[in-house]
Amino acid sequence: MSNFHRYLCSLLFICVVFSSEAQTLSHIRGQIIGEDKQAIPYVNISLHQAKDGTLTKTIVADSTGHFIFGDTKAGRYYIKVKSITHQETFSPHFSLDEQLGGYDLGQIVLLMNNAYLAEVLVQRKKQFIEQQRDKLVFNVENSMLADGNNGLELLNKLPGVTADDNGTLSIKGKSGASVMINGKLTYLSGDQLANLLRSTSSIDISKIELMSNPSAKQDAAGSAGIINIVLKKGIKQGWNGSISLNGGAGRGPHLGGSLNLNYRTEKLNVFAIYNQYHQNLEYFNSLTRYFYSDQSNLPESYTQQENKIQPKLRSNNFRAGIDYNIDQRQTIGVLINGGFGKYPKYEPTTNSFRNFDDSRLVWSSSTVTEGKERWQDMLYNLNYSIKFNEKGHELKADFDLVDHYSKMDQQLNTVYTKLDGTPLNQPSSRIGDIPSDNKVYVAKLDYILPLANEFKLEAGWKASHVRTENDLHYDTLQNGQFVPDLTTSNHFVYKETIQATYLNLSNSWNKISAQVGLRERTHTYIRQSNHAE
């Protein structure tokens, strides 16, 4: 066979392989509508495997209610549609094998949630959902979500957003989103962020902005995008204020309250907000593991683990500031934002090891984990802005200092028992002292210049210095005494200095908008030390 024929055969073989592979990928499309046949935009849609309900993908419908799952492998699936104002809906099971290349679910009708019918009649000053150039805005103020939720619960109710109890946030199925409050990054770990969101009442939130693809103006932080929580700010002249109380019960009671005071004149605006939140939580986990031998298809033994977590959140947050109008164009302001609280946990766990044939108990263990977490957060901000004209030509400057300290005292005790109740071996015990100290210094300049033909140019500079120190100490019980565990104790210091500039150009034409931007890190310095003590 000539080289040409060999080459042709190889090429045909490759094409057949790629063609057969491509046939295993299909798309799923459809549209979400209401009982009035009107499209329902921006609802959560998740794709699940029909066999066991495993989540495959999560997307959000567009402004016309249409959605499409692209590049999906052949198989049997169903979709779940989640909306704030409508009932959760499931599609029938369907198979992509029936229609190679795609499957059209057609129009899926959502039924109105009767619990929200009365709220729909409330007159709105703003649309609940606004699609802007680089973000999706949810105006939660005066909406049905404004009462009875904390910040973590509120985020879970928004289309396209999921937030777990560990503070991990996802936008459109992608985890790792960053959180800003009033346009400022929180610089908190997952657990610390979760505690902050739990203690933030929805009553104090004006709107939430989702930026799944942030512009060059924003930091390149967060693999899934940025969530900006905008808190309310008093706009009435003179003295005004409000007091709110809320409470409820689930697996445990929760109580909260806030005090909001504001004094405004033409020159001066003084505000102060304090809120307190108490909540008792409870979680249950059950896990079964099976153990097989190489010679048998049936398991030889299995373990049953039962776990109960009982945390108690006690949180206090405050915000106070002064804005002073130097003249009609210039404003200078000072802001102090802080919080302190504690989050003790009590976590009993039992683990039973049994034979598979007769479920006879071989041995069991009982573990009690206690953790006492407490924290203190402070943010100090000095800001200045000048408006050169009424067309949006302005310059803004911000200087921030963020100081976060937290400490966890942890103890874990385990007892092992035989079938007859006698000890299997010596009890084990472990205690931990886990402090964390974070400091962030930030300076930022933003310049906005309106251009001809509705174009707008934005440019800016930001410098930040971050210092994180974690000094972990663990001790284990040996011969009746606690001795340092040098294999797990660790003193970790991380320093990061970044300078960055950005340039952003945008414009709008009727209902179409576009922007292009560039962000560049001009200088980055990272130093990390890691040693056990």
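Predicted, not measured: the structure shown is a model, and the values here were computed from it.
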Donor + acceptor pair across side chains of E454, N507 (<3.5 Å): no
From CG (L313) to NZ (K342), nearest 0.5 Å: 11.0 Å
Heavy-atom side-chain proximity of K80 to H48 below 4.5 angstrom: yes
Any donor-acceptor pair under 3.5 Å from N275 side chain to G256 backbone: no
Considering all heavy atoms, the nearest G339-F318 contact: N-CE2, 4.0 Å
Test item: side-chain donor near acceptor, Y384 and Q330, under 3.5 Å: yes
Verdict with supporting geometry, N381 and N337, side chain to side chain donor-acceptor pair (under 3.5 Å): CA-CA 8 Å; N381 168 260; N337 196 357; over 6 Å; no
Minimum heavy-atom distance between G65 and A39, given as atom pair plus value: N-CB, 4.2 Å
Evaluation steps, side chain to side chain donor-acceptor pair (under 3.5 Å), between H491 and E469: CA-CA 8 Å; H491 188 189; E469 181 176 5; 2.7 Å; yes
Ring centre gap for H393 and Y447 strictly below 6.0 Å: yes
Stepwise side chain to side chain contact (heavy atoms under 4.5 Å, CB included) test for D377 and D403: CA-CA 6 Å; D377 296 316; D403 188 0; over 6 Å; no
Spacing of CG belonging to L245 relative to OG belonging to S258, to within rounding of 0.5 Å: 8.0 Å
Over all atoms of both residues, closest heavy-atom pair of V442 and V440: CG2-CG1, 3.6 Å
Contact check, side chains of I448 and K456, non-hydrogen atoms, under 4.5 Å: yes
Min side-chain heavy-atom separation V109-I32 under 4.5 Å: no
Donor-acceptor pair between N470 and N490 side chains, under 3.5 angstrom: no
Sidechain-backbone polar pair: S91 side chain, I79 backbone, donor-acceptor under 3.5 Å: yes
Exercise: identify the closest heavy-atom pair between G392 and P450: C-CG, 3.7 Å
G106 backbone acceptor or donor facing D104 side chain under 3.5 Å: yes
Backbone N/O of D327 and side chain of N325: donor-acceptor pair under 3.5 Å: no
I208 and V230, any side-chain heavy atoms less than 4.5 Å apart: no
M408 CE to S436 OG distance, which is reported to the nearest 0.5 Å: 11.5 Å
N/O donor-acceptor pair under 3.5 Å between K267 side chain and I326 backbone: yes
Inter-residue atom distance R314.CZ - E373.CD, 0.5 Å rounding: 14.0 Å
Exercise: do Y502 and D446 side chains pair donor with acceptor under 3.5 Å: yes
No-hydrogen, no-angle side-chain donor-acceptor test under 3.5 Å, N317 and Y274: no
Student check: side-chain heavy atoms of T468 and V493 closer than 4.5 Å: no
Any donor-acceptor N/O pair, Q31 side chain to T64 backbone, under 3.5 Å: yes
Close side-chain approach of I40 to L110, heavy-atom, < 4.5 Å: yes
Partner of L382 under side-chain contact (heavy atoms from CB on, under 4.5 Å), chosen from L401, L335, D400, V334: V334
Main-chain N/O of Q87 paired to T89 side chain as donor or acceptor, under 3.5 Å: yes
Considering all heavy atoms, the nearest D323-F271 contact: OD2-CE2, 4.0 Å
Heavy-atom closest pair, residues W461 and Q499: NE1-OE1, 3.3 Å
Electrostatic pair K387:E394 at N-O distance under 4.0 angstrom: no
D398/K396 salt bridge by N-O under 4.0 Å criterion: no
Geometric class of the F67/F69 ring pair [parallel <30°, tilted 30-60°, perpendicular >60°]: perpendicular
Flag side-chain contact, heavy atom, 4.5 Å: V137 against K135: yes
CA sep, side-chain torsions, deciding dist, call: I181, L231, side chain to side chain contact (heavy atoms under 4.5 Å, CB included): CA-CA 7 Å; I181 296 181; L231 303 178; 3.9 Å; yes
Heavy-atom side-chain proximity of Q49 to Y77 below 4.5 angstrom: yes
Criterion side chain to side chain contact (heavy atoms under 4.5 Å, CB included) on F90 and I108, from CA distance to verdict: CA-CA 9 Å; F90 297 84; I108 300 175; over 6 Å; no
Whether Y103 and F94 hold their rings parallel, tilted or perpendicular, with breakpoints at 30° and 60°: parallel
Distance-only polar pair, side chains of E35 and H86, donor-acceptor under 3.5 Å: no
Intermediate values then yes/no, side chain to side chain contact (heavy atoms under 4.5 Å, CB included), I229 and I205: CA-CA 7 Å; I229 300 174; I205 297 176; 4.0 Å; yes
Heavy-atom donor-acceptor pair, N228 side chain to G183 backbone, under 3.5 Å: yes
Nearest-0.5 Å distance, OG of residue S506 to CZ of residue F455: 9.0 Å
